[in-house]
Protein chains: 2
Amino acid sequence: MTGVSIAAAADELGLSADTLRYYEKDGLLLRAVPRTSSGHRTYAEADLRWITLVTRLRATGMPIRDVRRYADLVRAGEGNEEERLALLQAHREDVLRQLAEVTAHLGAIDHKIGIYEHTLEKLSASA
Amino acid sequence: MTGVSIAAAADELGLSADTLRYYEKDGLLLRAVPRTSSGHRTYAEADLRWITLVTRLRATGMPIRDVRRYADLVRAGEGNEEERLALLQAHREDVLRQLAEVTAHLGAIDHKIGIYEHTLEKLSASA
DNA sequence: TTCCTCCCTGGAGTGCACTCCAGGTCAAGT
DNA sequence: ACTTGACCTGGAGTGCACTCCAGGGAGGAA
């Protein structure tokens, strides 16, 4: 229950301490992370869980602006679940679209790779 | 064989004219696009095909720097096919890693969506 | 006491990939 | 002849998401 330092949190989350401070300043967290008597941040379990979700949203391409909007909704408390759901569903659609697009392009690139492999195979066979 | 204007090329490729000029200036194309007597760019089929590949590489997250490196190799002519192949294969690995990561995070987000849907369903049932 | 380490804040700086702009040219339409 | 519209060049500006820095404080080791 004591909470961990920013370095430990950064390490566990795979983010930099700077990024953690930046997220907090930018309103992506649900609360200002509590400080020790000497003013150092001390991250509780709940903070780390929330930031994990933030990293998931970011890693799937959600812009900072939208993460903040979502954080604002959650911070506002119960009663706006429909809005939260809509935001997540919209993001889900974006991600699926993106996955499909990347997969399609990758197919074309794979094809090109196949051609090079074939060419090089022939070259080495005739050498 | 006549070639198309930058506006037509941009339209066909889904890029802006500015981006097309930027790619050319930045060395992402195989050659300076030929100009008409009045100095306007005129894109040949081969130019469009190459730029299509560039958009595929970009859309799958390859940085401009690497696209340029690849363009440099192709421009250098035959004999460096292994290097080209290595570059594309490395990119392919990056993309696959990225797809796996996004898919995994999406799963967690989907789970969260499921919880909201369940909550809202119950709410509306009890209303 | 002095040093070291970790952390703080506010703000400036960075890298990337465009995007926009000013000032100008050219060919075609009226 | 004049205007319009598409295009040219070089270079400045933009948005995003960090990342770095200066100057300073608190607590513990030697």
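Just so it is clear: chains get the letters A, B, ... in the order the sequence lines come, proteins before strands, and each one is counted from 1. In this text the structure is predicted, and so the values were computed from the model without any measurement.
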Nucleotide range of DNA chain D lying under 4.0 Å from chain B heavy atoms:
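Counting from the 5' end, contacts occupy dA6(D) to dG11(D).
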Could you name each residue pair satisfying salt bridge (charged side-chain N to carboxylate O under 4.0 Å, His left out) that touches residues 105-115 of chain A, not counting sequence neighbours?
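Listed by first then second residue: Asp110(A)-Arg92(B).
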Not counting sequence neighbours, list each pair that qualifies as a salt bridge (charged side-chain N to carboxylate O under 4.0 Å, His left out) and has a residue in residues 49-65 of chain A.
Glu45(A)-Arg49(A)
Single-linkage hydrophobic cluster [X]~[Y], side-chain heavy atoms < 4.5 angstrom:
| X | Y | answer |
| --- | --- | --- |
| Met62(A) | Val74(A) | yes |
| Leu106(A) | Ile115(A) | no |
| Ile6(A) | Leu28(A) | yes |

Contacts to DNA chain D from [range], heavy-atom cutoff under 4.0 Å, which residues?
| range | value |
| --- | --- |
| residues 93-102 of chain B | none |
| residues 8-16 of chain B | none |
| residues 53-67 of chain A | Arg58(A), Pro63(A), Ile64(A), Arg65(A) |
| residues 22-32 of chain A | Tyr22(A), Tyr23(A) |

Please confirm whether the backbone N or O of [Y] pairs with a side-chain atom of [X], one donor and one acceptor, at under 3.5 Å?
| X | Y | result |
| --- | --- | --- |
| Thr42(B) | Thr2(B) | yes |
| Arg31(A) | Leu29(A) | no |
| Gln89(A) | Leu87(A) | no |
| Arg68(B) | Asp26(B) | yes |
| Thr52(B) | Leu48(B) | yes |
| Arg75(A) | Leu30(A) | yes |

Heavy-atom side-chain proximity of [X] to [Y] below 4.5 angstrom:
| X | Y | answer |
| --- | --- | --- |
| Leu85(B) | Glu81(B) | no |
| Asp66(A) | His91(A) | no |
| Thr36(A) | Ser5(A) | no |

For DNA chain C, whose closest nucleotide is more 5', that of Thr19(B) or that of Ser37(B)?
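Result of the comparison: Thr19(B).
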Under 4.0 angstrom, heavy atoms only, what part of the nucleic acid is Arg35(A) near: base, sugar-phosphate, or nothing?
sugar-phosphate
Within the 4.0 Å heavy-atom criterion, would you say Arg41(A) contacts the bases, only the backbone, or no part of the nucleic acid?
sugar-phosphate
Specify the separation, in whole Å, of atom CG of Leu20(A) and atom C1' of dC7(C).
13 Å
How many Å lie between CG on Asp18(A) and P on dT9(C), as a whole number?
12 Å
With Asn80(B) as partner, the option from Arg84(B), Glu82(B), Glu83(B) fulfilling side-chain hydrogen bond (donor to acceptor under 3.5 Å, both in side chains) is Arg84(B)
Of all residues at least two apart in sequence or in a different chain, which pass the side chain to side chain donor-acceptor pair (under 3.5 Å) check with Thr55(A)?
none
Could you tell me which non-hydrogen atom of Ala71(A) sits nearest to which non-hydrogen atom of Gly27(A), and how far apart they are?
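Looks like CB-O, 3.8 Å.
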Tell me the bend of the helix from dT1(C)-dA30(D) to dT30(C)-dA1(D) as the angle between end helix axes, each from five pairs, rounded to the nearest 10 degrees.
20°
Could you list the residues that satisfy side-chain contact (heavy atoms from CB on, under 4.5 Å) with Gln98(A), not counting sequence neighbours?
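Once residues adjacent in sequence are excluded, the partners of Gln98(A) under the side-chain contact (heavy atoms from CB on, under 4.5 Å) criterion are Val102(A).
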Looking at Arg69(B) and Asp72(B), does any basic side-chain N land under 4.0 Å from a carboxylate oxygen?
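Here Arg69(B) does not pair with Asp72(B) in a salt bridge, since their nearest N and O are not under 4.0 Å apart.
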Any protein N or O atoms within reach of nucleotides 2-6 of chain C? Criterion: under 3.5 Å, listing atom names and distances.
none

Strictly by ring-ring contact (aromatic ring centres under 6.0 Å, His included), give each pair with a member in residues 4-50 of chain B just once, sequence neighbours left out.
Trp50(B)-Tyr70(B)
